[in-house]
Amino acid sequence: MFSNPPARRFRGSRRTAPTHQHERLMDGLEQRSLFAADLGVLFGTFGNVPQTLIPGDQINLPIIVRNVGDTAAVGNVSIDFLLSTDATFDANDTLIGTFPNEQISLSADGFPNSEGDFSGVVEIPAVAPGNYFFLVRLRPASNVGDFNQSNNVAASAAAQAFAWKFGTFDGRTNATLTLTDPSGTEVSFGLSGGGFGTVTTDSSNDERFDVVLSGTGGASNLVIQADDDTGEGPTAGIALVSDITGGTLNSIFAPTARLFGDITLSGSLASLRFGNVPASSLITVQGTTVNTAYTFGSVTNLNIVSAAPIASLFATEWTDTAVDSEVSRITAPWMGTLTTNGAFQASLNLTGRTGAGRTLGSASIGGNISVGSWRIVGASGPISARATAANWSASITKALQSVSITLDFRGVLAAKSIATITVGRDMIGARVLAGANLGSDARLGGADGAADNFAAGNITTVNIGRRATNVIIGAGLNPVDGVFKNGNDQLVGNGRINRITVVGLAGNGNRFLAPRYTGAMSLNGSTVDPASDVRFMLS
């Protein structure tokens with residue numbers, strides 16, 4: 001923030017030959033009363049004032065006061081500094097500083113020490129961006145005897161640019177902008193590493209800010225920070241942000257901000273950290289050169305579309321109020337880690353990666369997985385969750401390392417091959433299909449690009465800690481017409497199930513189907529023979 005040290009003084013000086021400024025000061029004066037003081041004022045020479053001023057700047061305003069009256073001017077004078085859009089003093093001007101009861105002692109006109117100077121440091125408020133003149137107004141006390149006050153106001157020679165900008169611009173480097181929202185929360189904006197940002201209030205909600213970034217690069221870091229005031233109200237100490245638009249950035253760091261709109265970047269982004277996302281929002285990253293790490297608080301209805309891979313994604317929880325996962329969707333080539341402390345209700349569309357790496361490195365969900373459909377083109381590492389819901393579906397076109405569910409497993413899971421499935425409690429109405437590809441929608445059924453395909457597949461181990469109810473687990477199982485257990489299901493290829501263990505009850509409504517069974521099958525605590533058990537037969 002630009003700042004000059006305060007320097008306040010009145011200093012008399014010997015009168016010299018009139019300058020053009022002094023002559024202008026005399027222009028238009030009313031005829032003086034005899035034997036009266038008459039103060040006039042004008043601005044001195046400004047020094048070290050930035051080309052563009054922003055809220056929070058502190059600048060030194062110099063003025064020259066001259067007594068053009070017949071008698072000395074001695075007493076107190078209050079000095080006001082204002083901003084004006086038209087260089088004329090009126091009720092629309094903005095007061096930016098007052099210096100009350102300054103001592104003045106100036107000789108009469110024509111005598112030595114009839115002129116003095118003063119300077120005051122003022123802080124720039126959050127006036128609307130635009131061009132403003134500085135005004136100064138003298139308010140002499142009655143003991144000064146200044147009966148003609150028509151010359152007690154002066155304007156700066158030229159208008160000064162004011163903006164809501166931050167970063168590097170107009171000769172400034174890493175300038176920070178601080179604004180106060182209607183709730184009283186101070187919000188600061190900073191940009192280091194190159195480029196600048198411009199802030200406006202959102203057109204539909206003046207509590208929220210829009211940010212447009214310009215000239216940024218791979219070293220640029222955007223910081224949005226609200227004060228840590230714990231005052232009253234749901235948004236005390238929290239910045240409310242609608243939209244952020246820009247190019248390439250290294251990072252966006254806004255842990256005390258809530259996102260209510262869109263973040264659109266034409267370039268790459270290495271990391272983004274935001275607070276809560278409480279409403280429908282879209283984050284778009286169009287650059288492909290840097291993998292992105294995302295960190296959020298609680299998320300609702302967020303859609304991420306990234307041309308670049310996602311190195312990691314963490315959220316406290318992720319919910320979808322539409323219960324269709326169309327507004328909560330993450331689209332990227334691949335993702336390293338997905339982690340939540342609570343529920344996860346978003347869809348995944350991971351389009352694949354070159355080489356031997358997994359398209360989904362791992363997913364660790366502290367709550368329930370529900371609503372979403374996960375389409376993973378390629379292999380997946382371990383997936384763990386507290387539970388899965390019947391409206392969750394996943395389709396993995398290559399190998400799945402493992403699935404570990406603490407409580408109950410519901411929904412649909414398809415993969416080329418599945419190494420391990422562990423369910424802590426019950427598997428209920430689930431469909432687990434090795435060798436199946438559920439198409440672009442990652443759900444059973446559909447046509448064209450969303451059509452299902454069934455081929456040979458392998459399952460190594462399934463462990464269910466308690467019961468299995470109306471479950472279908474198949475390796476190379478093809479329902480033919482999309483309907484399971486209607487008499488025309490088929491087994492495709494030479495796939496296998498190695499081991500299934502259901503500790504508790506597994507009724508005859510379950511089906512565990514594969515062309516081959518290569519290990520022990522244990523249901524209800526007893527080993528069974530797949531060749532003679534109805535639960536291992538197509539019909």
Side-chain angles (χ1 to χ4, degrees), residues 211 213 216 218 220-225 238-239 241-320 325 327-351 353 357-367 369 372 374-376 380-381 383-385:
V211 179
L213 304 173
T216 59
S220 300
N221 299 289
L222 169 64
V223 176
I224 301 174
Q225 184 71 47
I238 299 171
V241 177
S242 283
D243 298 325
I244 299 175
T245 306
T248 291
L249 288 169
N250 179 60
S251 67
I252 297 175
F253 184 78
T256 56
R258 292 178 182 170
L259 180 64
F260 284 87
D262 301 338
I263 297 176
T264 305
L265 300 179
S266 60
S268 61
L269 175 67
S271 68
L272 181 149
R273 181 175 179 182
F274 239 89
N276 295 348
V277 183
S280 295
S281 300
L282 170 65
I283 296 176
T284 303
V285 178
Q286 299 173 0
T288 61
T289 57
V290 177
N291 304 343
T292 308
Y294 294 91
T295 303
F296 300 101
S298 295
V299 173
T300 299
N301 300 348
L302 173 61
N303 188 357
I304 296 177
V305 179
S306 177
I310 296 175
S312 63
L313 189 151
F314 170 84
T316 302
E317 63 177 351
W318 195 306
T319 57
D320 182 286
S325 72
V327 292
S328 292
R329 180 177 293 274
I330 301 166
T331 300
W334 55 267
M335 182 184 298
T337 60
L338 168 62
T339 308
T340 68
N341 290 340
F344 186 76
Q345 295 183 331
S347 290
L348 296 181
N349 181 21
L350 304 181
T351 57
R353 65 186 299 180
R358 290 168 173 158
T359 300
L360 175 61
S362 67
S364 177
I365 307 303
I369 304 176
W374 294 17
R375 176 178 178 261
I376 300 170
S380 174
I383 297 172
S384 64

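Starting from 1, each residue takes its place in the sequence as its number.
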If the condition is side-chain hydrogen bond (donor to acceptor under 3.5 Å, both in side chains), which residues does Asn291 pass it with, not counting sequence neighbours?
none

Between CH2 on residue Trp374 and CD1 on residue Ile369, distance to nearest 0.5 Å:
4.0 Å

Check step by step if side-chain contact (heavy atoms from CB on, under 4.5 Å) holds for Trp318 and Leu338.
CA-CA 11 Å; Trp318 195 306; Leu338 168 62; 5.9 Å; no

Enumerate, atom names and distances included, each donor-acceptor pair closer than 3.5 Å involving a side-chain atom of residues 261-276, sequence neighbours excluded.
residue: Asp262; atom: OD1; partner: Leu282; partner atom: N; Å: 3.0
residue: Asn276; atom: OD1; partner: Ser298; partner atom: N; Å: 2.9

Looking at every heavy atom in both Phe296 and Ile283, which two are closest together, and how far apart are they?
CZ-CD1, 3.8 Å

Heavy-atom nearest pair, Trp334 first then Arg353, reads CD1-CB, 3.1 Å

Does the side chain of Glu317 reach to within under 4.5 Å of the side chain of Asn341, using non-hydrogen atoms?
no

Using atom types as modelled, flag every donor-acceptor pair under 3.5 Å from a side chain in residues 306-316 to any protein atom, sequence neighbours excluded.
residue: Ser306; atom: OG; partner: Ala308; partner atom: N; Å: 3.2
residue: Ser306; atom: OG; partner: Ala308; partner atom: O; Å: 2.6

Determine, step by step, whether Arg375 and Asn349 satisfy the side-chain hydrogen bond (donor to acceptor under 3.5 Å, both in side chains) criterion, reporting the C-alpha distance in whole Å, the side-chain angles of both residues, the deciding distance to 0.1 Å, and the verdict.
CA-CA 5 Å; Arg375 176 178 178 261; Asn349 181 21; 2.9 Å; yes

Find out whether Leu302 and Ser281 are in side-chain contact, i.e. whether some heavy atom of one side chain is under 4.5 Å from a heavy atom of the other.
yes

Looking only at heavy atoms, which two atoms of Thr256 and Gln225 are closest? And how far apart?
OG1-NE2, 3.3 Å

Using a 4.5 Å cut-off on heavy atoms from C-beta on, say whether the side chain of Leu222 contacts that of Thr216.
no

Identified side-chain contact (heavy atoms from CB on, under 4.5 Å) partner of Met335 from the options Ile376, Leu350, Thr359
Leu350

Between atom CG of Leu213 and atom OG1 of Thr245, what is the distance when rounded to the nearest 0.5 Å?
8.0 Å

Indicate the atoms forming the closest heavy-atom contact of Arg358 with Ser380, along with that distance.
CD-C, 3.9 Å

Taking it one step at a time, do Tyr294 and Val285 satisfy side-chain contact (heavy atoms from CB on, under 4.5 Å)?
CA-CA 12 Å; Tyr294 294 91; Val285 178; 3.5 Å; yes

Heavy-atom nearest pair, Thr319 first then Ser328, reads O-OG, 3.5 Å

From Ile365 atom CD1 to Ser384 atom OG, the distance as rounded to the nearest 0.5 Å
7.0 Å

